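Working notes, beginning with the structure itself.
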Amino acid sequence: MRKYRWQAPLTLVFIVLGIFLSLQYQSQNLIGSDLSMQRTENLIAMVRGLSEKRQKLALEIVDLNMHFNSQQNSYLDESKLAENLISDMNKMSFLTGSTTLNGAGLIITIGQSMPILYIDIIDIVNELWAAGAEAITINEVRINGQSVIFYTEDDYSMYITINNTRLEFPVVIKALGEPNNLEKGLTLPGGIIDTLALFKAYPILEKSNSLTMPPVFNQPSHIFLSEYKPPEQTAATEPAKTP
Amino acid sequence: MWLLPLFGLIAGALVGSTISFQVPPIYVKYMSVALLASLDSVLGGIRSILDKHFDGAVLLSGFFANALLAALLAYLGDLLGVDLYYAAVFAFGVRLFQNLASIRHHILTKFRKRREELR
């Protein structure tokens, strides 16, 4: 019996080791499925991937809606057709920024003391679009596809400009959209708010249920634009064979 | 003779899987170092059995003290901003493989001796 006196302590140790291994395995499995324990880089990649997917799906919904409308319209009478056209026109005017808008959204206020560059304003606007903003203004200047955010400088200092107009502090950026999504888009780990905090800039975020946005000041002109229609291909236009 | 500890390991794993206690996610990292340290102690114990200088008190004290100290040091390292976690993983990892190599050598030598005896 003395020969095997190691059995009792080793068995005891093995029992505890078994419990340890089992608990650790369970905990590790839990971590694998817990978002809060993922690495920041992975989370950012996941958020980016999901928001890209969401945008693609949103575009698909728009396409399908348009298809549905066109199918429906073919059965409708003229008055209904006109009504639909007016409704579409209203939607288009929202998108082109030709009307005053109102809705819920997020207000970002950047004070005088914060060291902000024009590129930071562009980053904030880009993040807001990515987070699902439907309309954005910076100091009551509506942002659209033709907006220019840049900088100018005189003998004394450098200024941020929006559409070549000097931006006065405090800078107030308003975005229409789901306020929680917009806030999360800016405050996600490693996002724009985290980056600005490194430079001691702490923009104030405030959710609002009623934001009013002015229309675009200078409506873009479309003089040279025309829709491209590919030339019709016929059998006669096959390329000649070379000898 | 090795069956009893093996059954102990299986019984421990079964008990662990039935326990509903969950290690809080922030402590899982320290738990893993503790596990590595205890695994090293166990392999050290097996090695000492094969080398015929086993001491139960050394195994038991080493098993619990190493695990506790490894986890504590890793935690302290995190508090002080020094990654002692990696130092513990490296130290116990190296010892673990040394013990494994020694056990393997022992088993091989025993196997060869027995074969020669049979001839």
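Each chain gets a letter, A, B and so on, in the order the sequences are listed, and its residues count up from 1. Here the structure is a predicted model, which is why all the values come from computation and not from measurement. Only heavy atoms go into these numbers, but all of them, side chains included; no hydrogens, no water, no symmetry mates.
Proximity to chain A (any heavy atom under 4.5 Å) is shown, for B:Leu4, by both the backbone and the side chain. With a threshold of 4.5 angstrom between heavy atoms, B:Phe7 does not approach chain A through any atom at all. Residue contact with chain A, scored on non-hydrogen atoms closer than 4.5 Å, involves the backbone and the side chain of B:Leu39 alike.
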**Report entry** side chain to side chain contact (heavy atoms under 4.5 Å, CB included) assessment of B:Leu9 paired with A:Ile15
**Finding:** CA-CA 5 Å; B:Leu9 184 69; A:Ile15 291 172; over 6 Å; no

Report task. Go through the steps to decide whether B:Met31 and A:Ser27 satisfy the test side chain to side chain contact (heavy atoms under 4.5 Å, CB included), and finish with yes or no. Result -> CA-CA 10 Å; B:Met31 175 90 173; A:Ser27 307; 6.0 Å; no

Query - Test side chain to side chain contact (heavy atoms under 4.5 Å, CB included) applied to A:Leu17 and B:Phe63, step by step - result: CA-CA 9 Å; A:Leu17 185 72; B:Phe63 181 83; 4.3 Å; yes

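The greatest number of non-hydrogen atom pairs below 4.5 Å with chain A, out of B:Ala11, B:Gly45, B:Ser41, B:Ser32, is found for B:Ser32. Put simply, of B:Ile10, B:Val23, B:Leu6, the one with the most heavy-atom pairs under 4.5 Å next to chain A is B:Val23. Chosen from B:Leu60, B:Leu59, B:Asp55, B:Ile49, the residue pairing most often with chain A at heavy-atom distances under 4.5 Å is B:Ile49. The choice from A:Leu12, A:Thr11, A:Leu23, A:Val16 that makes the most heavy-atom pairs within less than 4.5 Å of chain B is A:Thr11.
The minimum heavy-atom distance between A:Ile19 and B:Gly12, with the atom names listed, is CG1-O, 3.3 Å. Closest approach of A:Pro9 and B:Gly56 over heavy atoms only: CG-CA, 4.0 Å. Minimum heavy-atom separation, B:Ala13 to A:Ser22: O-OG, 3.3 Å.
Judged by distance alone, the side chain of A:Gln26 and the main-chain N or O of B:Gly16 form a donor-acceptor pair under 3.5 Å.
Open room surrounds NZ on B:Lys110; 12 or fewer heavy atoms of other groups in view lie less than 6.0 Å from it. Within a 6.0 Å sphere centred on OH of A:Tyr202, heavy atoms belonging to other residues, nucleotides or ligands number more than 12. Within a 6.0 Å radius of CG in A:Asn209, other residues, nucleotides and ligands contribute 12 heavy atoms or fewer. The local environment of CZ in B:Phe54 is crowded, with over 12 non-hydrogen atoms from other residues, nucleotides or ligands closer than 6.0 Å.
Counting heavy atoms from C-beta on, the side chains of B:Pro5 and A:Trp6 come closer than 4.5 Å.
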